Amino acid sequence: MEKKAQVMDEAGIRRALTRIAHEILERNKGTENLMLVGIKTRGVPLAQRLQAKIEEIEGIQVPIGELDITLYRDDLSKKNGMDEPELKETRIEEDVTNKRVIFIDDVLYTGRTVRAAMDAIMDKGRPGQIQLAVLVDRGHRELPIRADYVGKNIPTSRDEVIVVKLKETDDEDSVEIYDK
């Protein structure tokens, strides 16, 4: 793949997450019954960062969870070419029933990851509401899914790839566009 452009740097990501945190608080009128759920892999550190920003603003630590959607995908990822999907751990310690659950992910593309996340969370209980926050919305939806909170809209072609790098997983913060 060939790198075309860097569209967000560390400061841009920080500003986008600060804005999303304020939008979440404004739309939900505070933190009551709120829960952040990061979709593995990069949604988890983004959820942790949003949790910290919300605590900084409101002085309240919102519950957080980690969701592995592997078994709910319609295109199971294979491990070592075998027929067994590569599983990651789901950790949701709070009851999601009647909570306003906000899924956090790095990139919204076709919508299939979010559909899988909705199926996965329903196995944990029945949220009162599900919202979606993404760092990047790149378009090309295949399902009728939209984000409630978007860090940056980046129109792309299907021949382009958005790569989100986070310090927690990749030792740097950036969002880049590559040609396939």
Side-chain angles (χ1 to χ4, degrees), residues 16-17 19-54 61-79 83-156 158 161-164 166 168-169 175:
L17 291 175
R19 183 172 33 78
I20 289 171
H22 282 283
E23 289 174 1
I24 287 171
L25 291 168
E26 184 175 325
R27 177 173 177 174
N28 292 285
K29 297 176 177 57
T31 61
E32 188 176 344
N33 276 334
L34 210 57
M35 175 187 266
L36 304 177
V37 176
I39 299 173
K40 296 223 172 169
T41 295
R42 284 172 186 79
V44 172
L46 290 172
Q48 292 165 343
R49 292 183 191 190
L50 282 169
Q51 180 191 43
K53 291 210 180 278
I54 289 170
Q61 190 173 63
V62 174
I64 193 169
E66 300 177 9
L67 192 61
D68 175 24
I69 52 111
T70 304
L71 291 178
Y72 298 89
R73 291 194 61 92
D74 55 13
D75 61 345
L76 288 178
S77 61
K78 306 294 182 185
K79 183 178 182 179
D83 289 333
E84 296 178 26
E86 184 178 347
L87 299 178
K88 302 173 186 102
E89 183 182 9
T90 289
R91 287 198 336 231
I92 299 180
E93 295 167 10
E94 294 264 331
D95 183 11
V96 301
T97 303
N98 295 321
K99 293 274 174 75
R100 283 176 286 170
V101 173
I102 302 177
F103 289 140
I104 315 295
D105 206 5
D106 57 348
V107 178
L108 177 56
Y109 182 33
T110 63
R112 294 185 180 278
T113 296
V114 177
R115 185 215 44 90
M118 288 190 285
D119 289 345
I121 203 75
M122 294 300 182
D123 281 351
K124 301 289 182 191
R126 188 177 188 281
Q129 184 179 41
I130 297 174
Q131 299 172 18
L132 175 62
V134 296
L135 184 61
V136 174
D137 184 344
R138 64 169 290 188
H140 303 289
R141 223 69 81 238
E142 295 174 2
L143 300 173
I145 290 173
R146 65 165 179 77
D148 299 282
Y149 314 98
V150 177
K152 188 169 186 77
N153 285 293
I154 303 174
T156 61
R158 290 192 181 269
V161 176
I162 298 283
V163 176
V164 173
L166 300 174
E168 296 88 341
T169 55
V175 177

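The residues of the chain are indexed from 1 along the displayed sequence. Remember, predicted model here, so these are calculated numbers, not experimental data.
Distance check: Leu71 CG to Asp123 CG gives 10.0 Å after rounding to the nearest 0.5 Å. In this structure, CD in Glu32 is found 10.5 Å from NZ in Lys99, a value given to the nearest 0.5 Å. Interatomic distance, CG of Leu166 versus CZ of Arg42, reported as 6.5 Å (0.5 Å rounding). Here CD of Gln51 is found 10.5 Å from CG of Leu34. Values are rounded to the nearest 0.5 Å. Atom-to-atom distance recorded for Leu36:CG and Leu46:CG is 11.0 Å, nearest 0.5 angstrom. Once rounded to the nearest 0.5 Å, the distance linking CD of Glu168 with CD of Gln48 reads 6.5 Å.
Looking at Arg141, its side chain does come within 3.5 Å of a backbone N or O of Ile145 through a donor-acceptor pair. The backbone N or O of Leu143 lies less than 3.5 Å from no partner atom in the side chain of Arg115, so there is not a single donor-acceptor pair. Counting only distance, with no hydrogens or angles, the side chain of Thr156 and the backbone of Arg138 share a donor-acceptor pair below 3.5 Å.
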message: side chain to side chain contact (heavy atoms under 4.5 Å, CB included) for Val37 and Val96? Distances and angles first, verdict last.
response: CA-CA 10 Å; Val37 176; Val96 301; 5.5 Å; no
- prompt: What's the verdict on side chain to side chain contact (heavy atoms under 4.5 Å, CB included) for Thr113 and Arg73, showing C-alpha distance, side-chain angles and the deciding distance?
  reply: CA-CA 7 Å; Thr113 296; Arg73 291 194 61 92; 2.8 Å; yes
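For Ala21 against Leu50, the heavy-atom pair with the smallest separation is N-CD2, 3.8 Å. Thr97 and Gly125 get closest at one heavy-atom pair: OG1-CA, 3.9 Å. Smallest separation of non-hydrogen atoms from Ala120 and Leu67: CB-CD1, 3.9 Å. The nearest pair of heavy atoms linking Ala117 to Ile69 is CA-CG2, 3.4 Å. Ala16 and Leu135 get closest at one heavy-atom pair: CB-CD1, 4.2 Å. When every heavy atom of Pro127 is checked against every heavy atom of Met122, the shortest pair comes out as CD-SD, 3.9 Å.
Here side-chain hydrogen bond (donor to acceptor under 3.5 Å, both in side chains) pairs that include residues 100-110, with residues two or more places apart or in two chains, are Asn28-Arg100.
Lys40 is listed as a side-chain neighbour of Glu89, based on a closest heavy-atom distance under 4.5 Å. Using a 4.5 Å heavy-atom cutoff, the side chains of Ile130 and Met118 are in contact. When side chains are defined from C-beta on, Asn33 does not count as touching Asn98, because their heavy atoms never get closer than 4.5 Å. Residues Ile104 and Ile20 form no side-chain contact, since every pair of their non-hydrogen atoms from C-beta on lies 4.5 Å or further apart.
The side chain to side chain contact (heavy atoms under 4.5 Å, CB included) test with Leu108 is passed by exactly one of Ile162, Asn153, Val136, Leu132: Leu132.
Heavy-atom neighbours of Glu142 CD from other residues, nucleotides or ligands within 6.0 Å: above the threshold of 12. Within a 6.0 Å radius of CZ in Arg19, more than 12 heavy atoms belonging to other residues, nucleotides or ligands are found.
Qualifying side chain to side chain contact (heavy atoms under 4.5 Å, CB included) partners for Arg27, counting only residues two or more places apart in sequence or in other chains: Gln129, Gln131, Asp148, Tyr149. Qualifying salt bridge (Lys or Arg N to Asp or Glu O under 4.0 Å) partners for Lys124, counting only residues two or more places apart in sequence or in other chains: none.
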